[in-house]
Amino acid sequence: MLFVSTRGKTDLVSSAHAITRGLAADGGLFVPQHFPKMRMSDIKAMENKPYTERAIDILCQFLTDYSEDELRECVQQAYAAEKFGGEPVPLVKVNDNTAVLELWHGPTSAFKDMALQLLPHLLTRAIAKTGEKNKVIILVATSGDTGKAALEGFADVEDTEIIVFYPSEGVSDIQKQQMITQTGKNVRVFGIEGNFDDAQKGVKEIFSDKSLADELAQQGYVFSSANSINWGRLVPQIVYYFSAYADAVKNGYITLGQPVNFVVPTGNFGNILAGYYAKIMGLPVERLLCASNSNNVLTDFINTGIYDRRREFYKTISPSMDILISSNLERLLYNITENNAEKVTEYMTSLNNEGNYKIDSEDLKKIQSQFFGAWVDELETKEAIGRIYNDYKYLMDTHTAVAWRTLEKYRLLTSDEMFSIILSTASPYKFSDSVLEALDDRSSVGKEPFALLHELNERTGVPIPVKMIELEKMTAIHNDVIAAADMKNTIKANLL
Ligand SMILES: *Cc1c(COP(=O)(O)O)cnc(C)c1O
């Protein structure tokens, strides 16, 4: 299996190359040359396999330059019981035709662990395979969840360094505490005076700075990305769609072959794209429901075929979906246009230069036949958390609630009552303030973050993730806050 760029201007590369480089040299994203098909009997066989073996079934189709034993080592370390509590992705049935796939049982209580626990293992082996002699520096700009998940994944991984930049006033108290207490001898974390866009812009500039790259190469370093544009982050996400389906069959919620809907709280379009890939590979998926918050650029795109980032940016209670440019959409466009790299390049150039693009009507029809898009405001989000808890004693975080409400809107509009699986992307404890407000309609403003954890626990009896309790007693190690303009110099000072 080889990989091509969505912009069509680079040679075919191996998966190890795609994973080490992150982004293709022509600015495009790496995509597999073709999609392997899974048979219904393959899916049936997954029913009695543990998650790690299900993962190997999928990964070995795409990562053909890794041996099965190598992949087994990778997944067993990534999804070990000490990290995921034994059952990495439980499927919880909430009512007759709705189940929730909990993707947040990893070390940072967000779904990004599913990919970022595995990526370091794939990457270190990829480095060896490609003959890369330099030490890899993972550079991350984060709005909260990615930073911690990447730190947790890369801490003390041989031959890597990880440097994380976060907006010092732009992440939640818990997220900040998670990052500044991170241990590991290859780990550095810096607050930025500015917002997430400033941090992201700084990282992008550093990535494209040729003279800095040369200087670092002389010292034996090369940059790589743990961002969700990296193929090594996408491929582990295909697995849990198959796994959820196999569990739904195994538990008798559906019969083998019966189609289901998946509902995905969406930001950068990585998670839902993995579901689309699973569908291409033969998983019986009816529709993929793309759930957005007030930053509804994707809802508009799915409804009109126009992607327009020139709009107001809202800070919401589901912050991991506060995004105006969904990078992985480029990969969907590549598939939908039947690998038309020229068209994709045109769209992306227009997005960059004019801030918008419009796809052809046939392409839009194809998207609409497989996707549904809706958005949910803050009030609706909180209302859903409170109501679902009251009705079913099921506690959701804000992102999951956006997905729940999206499914309700879809059902109202289409009368499709098919069995549907909601992807739950964060533990409710990661957003205790909003969740408590949703349950009891009172303000948590000004309350101490760890007091809120205990309050939510007393209110619901839902256990607090162990790692989050431990956080309270950990000491802050990374206290530096720097100007956004100093990111490059900070890297030099720390590495050269
Ligand atoms: C990252 C994230 C998302 C968005 O996922 P994408 O793959 O970027 O679409 C949703 N919810 C949570 C909690 C996240 O951390």
Side-chain angles (χ1 to χ4, degrees), residues 29 89 100-117 119 140-153 166 171-172 174-175 178-179 196 200 225-241 262-278 288-293 295-299 301-302 316-332 371 373 375-376 381 385 396-406 422-432 434-435 465 468:
L29 308 185
V89 287
V100 176
L101 184 68
E102 295 181 347
L103 299 171
W104 42 262
H105 290 273
T108 78
S109 305
F111 98 102
K112 289 183 175 66
D113 288 329
M114 293 309 299
L116 280 165
Q117 281 298 311
L119 180 66
V140 182
T142 182
S143 58
D145 285 342
T146 303
K148 176 58 183 179
L151 285 166
E152 196 64 40
Y166 70 93
V171 298
S172 80
I174 295 278
Q175 285 173 326
Q178 279 185 318
M179 288 190 277
F196 169 61
Q200 170 138 296
S225 162
N227 190 279
S228 76
I229 50 160
N230 191 316
W231 174 251
R233 263 193 70 177
L234 209 49
V235 65
Q237 303 191 320
I238 301 174
V239 178
Y240 48 70
Y241 285 90
F262 282 99
V263 196
V264 190
T266 298
N268 217 9
F269 210 77
N271 198 358
I272 195 166
L273 181 76
Y276 172 72
Y277 287 164
L288 292 154
L289 277 55
C290 177
S292 298
N293 61 27
N295 297 293
N296 54 5
V297 62
L298 286 167
T299 312
F301 173 70
I302 293 169
T316 74
I317 55 169
S318 45
S320 303
M321 298 153 72
D322 291 348
I323 195 164
L324 293 182
I325 299 185
S326 299
S327 315
N328 275 299
L329 193 60
E330 178 167 350
R331 285 185 162 115
L332 175 70
F371 290 86
W375 69 280
V376 172
T381 306
I385 294 173
M396 301 182 287
D397 94 293
T398 47
H399 303 76
T400 312
V402 167
W404 190 288
R405 188 73 195 117
T406 294
I422 292 173
L423 273 60
S424 177
T425 50
S427 155
Y429 282 100
K430 226 168 168 178
F431 303 94
S432 310
S434 305
V435 171
M468 227 181 273

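We count residues from 1, following the sequence as given. In this text, all values refer to a predicted model and were calculated from it rather than measured experimentally. Read the numbers this way: they start at 1 and go in the same order the structure lists the ligands and their atoms.
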key: Residue contacts for ligand 1, heavy atom to ligand atom, distance under 4.0 Å   = Phe111, Lys112, Asp145, Pro265, Thr266, Gly267, Asn268, Phe269, Gly270, Asn271, Ser320, Met321, His399, Thr425, Ala426

inquiry  = Less than 4.5 Å apart, side chain to side chain, heavy atoms only: is that true for Met114 and Pro236?
reply    = no

ask   = Ser424 versus Met396: any side-chain heavy-atom pair under 4.5 Å?
value = no

For the atom pair [atom1] ([X]) and [atom2] ([Y]), what is the distance rounded to the nearest 0.5 Å?
X: Tyr276; Y: Phe371; atom1: OH; atom2: CZ; value: 6.5 Å
X: Asp113; Y: Lys148; atom1: CG; atom2: NZ; value: 9.5 Å
X: Thr316; Y: Asn295; atom1: OG1; atom2: CG; value: 6.0 Å
X: Gln178; Y: Thr108; atom1: CD; atom2: OG1; value: 6.0 Å

